[in-house]
**Q** 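Okay, handing you the structure first.
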Amino acid sequence: MLDMKYLRKNTEEARRRLQERYVEPEKLDELLKLDEDRRTIISEVEGLKAQRNEVSDKIAFAKRQKEDASDAIAEMQKVGAKIKELDAKQAELDAKVQELAAHMPNLAAADVPVGPDEDANVEQRKWAPKDYGTRPHALEKQPDWIKPHWEIGENLGILDFERGAKVSGARFLYYIGDGARLERAVYNFMLDEHRKEGYTEMITPIVVNDSAMYGTGQYPKFQDDAYRVEGLDQTYIPTAEVPLTNYFSGETIPAEDLPIKFTALSPSFRKEAGAAGRDTRGLIRLHQFNKVEMVKFTKPEQSYDELEKMTANAENILQKLEIPYHVIMLSTGDMGFSAAKTYDVEVWLPAQNVYREISSCSNTEDFQARRMHITYRDDEGKLQLVNTLNGSGLAVGRTVAAILENYQNEDGSVTIPEVLRPYMGGEEKLQATPHF
RNA sequence: GGAGCUAUGGCACAAUCUGGUACUGCAGCGGACUCGAAAUCCGUCGAGCCGUCGUAUGGCGGUGUGCGGGUUCAAAUCCCGCUAGCUCCUCCA
């Protein structure tokens with residue numbers, strides 16, 4: 001949620017910054033007009049309420065003195081009717097202002113590249129291991145035996161997309177045997193790494209209420225992509241960002257506790273509305289996937305430093321796994337609704353010869369905190385909104401895909417990255433193990 | 001799922017039956033006493049949100065007794081709906 005006072009006082013700047021986010025300027029004009037109408041009504045109705053309060057006191061006093069007050073009561077009946085009418089008008093305007101404001105995305109930070117889509121994103125840095133050994137190399141032509149991860153997984157008998165589709169539908173799958181074990185090793189490794197960095201590990205509700213979805217900005221605009229529980233005002237989370245960030249909703253956090261860092265593994269549910277036909281194979285775009293999430297609550301002056309650190313925490317996972325990636329800064333048109341600035345970490349998938357998003361780290365500044373009313377007291381004792389950040393650390397299924405593709409061998413086996421071996425009972429290789 | 005009870009400032013509580021300035025204590029803040037502190041005494045204390053005025057510490061007004069409605073000149077109080085917690089029954093890992 002944007003700050004109405006900012007929009008009123010800095011209208012021209014706001015207009016420009018909203019245009020950067022591809023919001024039509026008319027939306028802002030409409031919002032400000034409604035806001036003005038609303039304030040006019042408030043002034044009017046508050047005057048009447050002040051009058052009513054005053055006269056009611058007099059009536060109370062008169063009654064105590066056993067005097068007659070029927071004239072005043074008759075007069076206040078008229079005032080009361082007028083107040084009721086204006087209250088209703090104000091409620092209507094409040095709802096309209098709320099509706100419009102709730103659909104406005106966050107403003108971009110000053111250094112975010114302006115552009116309509118991913119073509120305007122700007123690469124920040126690239127990383128690759130010093131020694132690839134015999135693995136497919138990010139910078140060289142790929143050998144012709146290289147396979148996409150879904151073929152590797154099916155050949156090894158560790159991924160079953162067909163049964164997933166049979167039992168649930170497209171974009172669902174089973175992990176089997178070593179596949180399930182690998183997924184578990186990956187997210188345990190991630191959680192352990194984040195714990196070392198001071199994140200508090202959480203297990204959160206996977207179903208949340210509407211106000212939580214609204215608080216982080218998924219609602220009201222993106223309801224179509226959510227798995228909503230029929231008959232209840234609850235939703236299967238699209239990311240653990242929702243329960244983690246809403247943990248403090250409505251609360252004032254002691255300033256000395258900031259910054260606070262949470263991490264959680266959770267399944268994430270997305271309908272992927274509008275993605276029909278894209279990435280239909282493999283682990284890239286599923287309706288249900290595991291993700292390790294990072295969330296931070298900070299003071300405003302800390303939040304951009306903490307964004308850099310969070311992105312580094314995501315990168316750390318891929319560096320320890322020794323998988324190539326690059327980091328890009330998203331453009332104003334490609335960023336998510338609540339974000340002021342976003343870094344995507346994209347992992348290299350050799351079989352497709354592309355970088356694919358595996359983490360998205362965003363600073364929402366006070367955009368979510370304003371919706372959720374999360375505050376702290378500054379040095380002067382005044383309440384201020386905290387800043388909230390969120391990032392994947394990392395998408396687990398996509399990490400498994402990256403491991404399968406980057407660590408595949410010509411004989412169809414997959415070498416297990418060294419850091420995962422302690423989590424895999426010391427095993428060094430995934431071999432074909434037909435199960436069922 | 002059924003029944004009963006509960007929800008008031010940072011904390012603990014009163015006022016609810018019988019509608020009329022939300023009591024008191026603790027904590028907090030300011031002051032007195034003191035070399036200083038404790039104790040004591042005096043004063044102050046509804047966080048936040050909204051509107052408005054002001055360069056501003058802030059003033060004025062509105063709102064604010066879990067949430068949303070209703071009745072009334074006036075609601076913590078009466079009525080309806082909801083949420084959460086507790087107790088019992090039922091069920092369950």
Side-chain angles (χ1 to χ4, degrees), chain A residues 1-11 31-102 203-215 219-220 229-235 243 246-257 297 366-386:
Chain A
M1 183 73 68
L2 297 173
D3 182 1
M4 277 307 302
K5 280 182 194 151
Y6 169 81
L7 298 180
R8 284 209 292 263
K9 286 182 185 159
N10 308 76
T11 307
L31 178 63
L32 289 172
K33 175 76 173 76
L34 285 168
D35 178 58
E36 204 184 316
D37 293 349
R38 173 179 162 273
R39 278 150 53 219
T40 306
I41 298 254
I42 286 175
S43 292
E44 197 179 339
V45 74
E46 283 190 353
L48 290 175
K49 282 180 178 173
Q51 186 193 349
R52 182 177 67 181
N53 287 343
E54 200 181 318
V55 176
S56 283
D57 281 351
K58 282 188 185 146
I59 292 170
F61 183 77
K63 293 246 173 183
R64 273 197 295 269
Q65 306 292 319
K66 308 279 184 211
E67 287 166 11
D68 176 63
S70 45
D71 285 356
I73 289 175
E75 193 195 337
M76 282 308 103
Q77 279 174 344
K78 282 182 208 152
V79 173
K82 183 72 181 165
I83 287 173
K84 200 168 187 176
E85 186 189 311
L86 290 175
D87 268 348
K89 223 183 251 182
Q90 190 203 327
E92 204 178 299
L93 284 167
D94 280 348
K96 279 185 188 165
V97 166
Q98 188 65 17
E99 168 72 10
L100 256 181
I203 294 176
T204 75
I206 290 170
V207 176
V208 297
N209 61 29
D210 283 354
S211 84
M213 288 292 280
Y214 176 85
Y219 286 177
V229 184
E230 208 163 322
L232 299 168
D233 295 333
Q234 293 176 325
T235 303
N246 276 280
Y247 182 78
F248 285 120
S249 67
E251 298 190 29
T252 300
I253 304 175
E256 63 268 25
D257 291 348
F297 304 84
D366 59 13
F367 186 85
Q368 293 179 327
R370 184 170 294 107
R371 291 186 164 213
M372 280 181 282
H373 302 116
I374 306 179
T375 53
Y376 74 101
R377 283 190 196 280
D378 65 17
D379 295 339
E380 278 151 27
K382 287 188 72 176
L383 282 182
Q384 304 286 353
L385 294 169
V386 301

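FYI, side chains are in, hydrogens and waters are out, and symmetry mates aren't considered; it's all heavy atoms of this structure. Bear in mind the structure is a predicted one, so any value in this text is a computation, not a measurement. Here is how names work: the chains are called A, B, and so on, in the same order as the sequence lines, proteins then strands, and each is numbered from 1.
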**Q** Between C1' on B/G51 and CD1 on A/Ile83, what's the gap in Å once rounded to a whole number?
**A**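 It is 15 Å, rounded to the nearest whole Å.
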**Q** Could you tell me the Watson-Crick or G-U partner of B/C45, where both distances fall under 3.5 Å? Say none if there is no partner.
**A** none
**Q** Check every strand shown and say whether A/Arg370 touches a base, only sugar-phosphate, or nothing at a heavy-atom separation below 4.0 Å.
**A**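 Answer is nothing: A/Arg370 stays at 4.0 Å or more from every strand.
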**Q** Atom NZ of A/Lys58 and atom P of B/U21: how far apart are they, to the nearest Å?
**A**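 So the two atoms are 16 Å apart, to the nearest Å.
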**Q** In whole angstrom, give me the gap between the P atoms of B/C82 and B/A74.
**A** 26 Å
**Q** Looking across every strand, which nucleic acid part, if any, lies under 4.0 Å from A/Ile42 by heavy atom: base, sugar-phosphate, or nothing?
**A**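 Sugar-phosphate, no base atom in range.
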**Q** How close do A/Ile253 and A/Tyr376 get, counting heavy atoms only, and between which atoms?
**A**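 Closest approach of A/Ile253 to A/Tyr376: O-CB, 3.3 Å.
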**Q** For nucleotides B/U8 and B/G66, find the distance between their C1' atoms and express it as a whole number of Å.
**A**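 About 10 Å, rounded to a whole number of Å.
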**Q** If you compare every side-chain N and O of A/Arg8 against the phosphate oxygens of B/G51 (OP1, OP2), does one of them come in below 4.0 Å?
**A** yes
**Q** Which value, in whole Å, describes the distance between the C1' atoms of nucleotides B/U77 and B/G20?
**A** 11 Å
**Q** Taking the C1' atom of each, how far is B/C41 from B/A84, in whole Å?
**A**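 Result for the C1' pair: 44 Å, nearest Å.
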**Q** Please measure how far the P atom in B/U18 lies from the corresponding atom in B/C13, and state the result in whole Å.
**A**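 Straight-line distance between the two P atoms is 26 Å.
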**Q** May I ask you to check whether over 12 heavy atoms, not counting those of A/Tyr6, lie within 6.0 Å of atom OH?
**A** yes
**Q** Could you list the donor-acceptor pairs under 3.5 angstrom formed by side chains in residues 86-102 of chain A, with sequence neighbours left out?
**A**
from    : atom 1 : to       : atom 2 : distance (Å)
A/Asp87 : OD1    : A/Lys49  : NZ     : 3.3
A/Gln90 : NE2    : A/Asp94  : OD2    : 3.3
A/Asp94 : OD1    : A/Arg38  : NE     : 2.5
A/Gln98 : NE2    : A/Tyr214 : OH     : 2.8

**Q** Give the rounded distance in Å between these two atoms: CD of A/Glu46 and P of B/C49.
**A**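 Roughly 15 Å, once rounded to whole Å.
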**Q** Atom NZ of A/Lys5 to atom C1' of B/U52: distance rounded to whole Å?
**A**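 The distance from NZ of A/Lys5 to C1' of B/U52 comes to 12 Å, rounded to the nearest Å.
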**Q** Taking pairing as Watson-Crick or G-U wobble with both contacts under 3.5 Å, can you name the mate of B/G58, or confirm there isn't one?
**A**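 B/G58 is paired, partner B/C53.
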**Q** Mind calculating the distance between CD1 (A/Ile59) and P (B/A75) to the nearest angstrom?
**A** 12 Å
**Q** I need the CG-P distance between A/Asp57 and B/C73, as an integer number of Å.
**A** 16 Å
**Q** Can you check the distance between B/U83 and B/G68, where both ends of the measurement are the P atom (answer in whole Å)?
**A** 15 Å
**Q** How many angstroms lie between CD in A/Glu85 and CD1 in A/Ile83, if you round to the nearest 0.5 Å?
**A**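 Answer rounded to 0.5 Å: 11.0 Å.
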**Q** Take the protein atom CD of A/Gln384 and the nucleotide atom C1' of B/C49, then report the distance between them rounded to whole Å.
**A**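 It works out to 15 Å between those atoms.
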**Q** Who does B/A39 pair with, Watson-Crick or G-U, both distances under 3.5 Å?
**A** none
**Q** A/Arg39 side chain N/O closer than 4.0 Å to the phosphate oxygens (OP1, OP2) of B/C50?
**A** no
**Q** Can you tell me the pairing partner of B/U65 across any strand shown, Watson-Crick or G-U wobble, with both distances under 3.5 angstrom?
**A** none
**Q** Please report, rounded to the nearest Å, how far the C1' atom of B/G10 is from the CD atom of A/Glu251.
**A**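 Distance, rounded to whole Å: 14 Å.
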**Q** Just verifying a value: how many Å separate A/Leu385 CG and A/Gln368 CD, rounded to the nearest 0.5 Å?
**A** 12.0 Å
**Q** How long is the span from the NZ atom in A/Lys63 to the CD1 atom in A/Ile73, to the nearest 0.5 Å?
**A** 4.5 Å
**Q** Reading RNA chain B from 5' onward, which residue's closest nucleotide shows up sooner: A/Leu383 or A/Asp35?
**A**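 It is A/Leu383 whose nearest nucleotide is closer to the 5' end.
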**Q** Taking protein heavy atoms under 4.0 Å as touching, what does nucleotides 63-72 of chain B look like 5' to 3' if B marks base contact, S marks sugar-phosphate-only contact and - marks none?
**A** S-------S-
**Q** Between B/U87 and B/G25, how far apart are the two C1' atoms, rounded to whole Å?
**A**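 It works out to 29 Å between them.
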**Q** Between B/A3 and B/U90, how far is it from one P atom to the other, in whole Å?
**A** 15 Å
**Q** Any strand counts, and the cut-off is 3.5 Å on both contacts for Watson-Crick or G-U wobble. Which nucleotide pairs with B/U6?
**A**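 Here B/U6 is engaged in a pair, and the nucleotide opposite it is B/A84.
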**Q** Kindly compute the distance separating CG (A/Asp366) from CE (A/Met372), expressed to the nearest 0.5 Å.
**A** 11.0 Å
**Q** Could you let me know what B/C33 is paired to, Watson-Crick or G-U wobble, both distances under 3.5 Å, or none if it's on its own?
**A** none
**Q** Taking atom CG of A/Asp3 and atom CZ of A/Arg370, what is their separation to the nearest 0.5 Å?
**A**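 Here the interatomic distance stands at 4.0 Å.
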**Q** Of A/Gln90 and A/Ala50, whose nearest nucleotide on RNA chain B comes first from the 5' end?
**A**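 In this pair, the answer is A/Gln90.
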**Q** With both distances kept under 3.5 Å, what pairs with B/C78, Watson-Crick or G-U wobble?
**A**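 Because both required distances fall under 3.5 Å, B/C78 counts as paired with B/G70.
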**Q** For A/Ala212, is there any backbone N or O sitting under 3.5 Å from a side-chain donor or acceptor partner on A/Asn246?
**A** yes
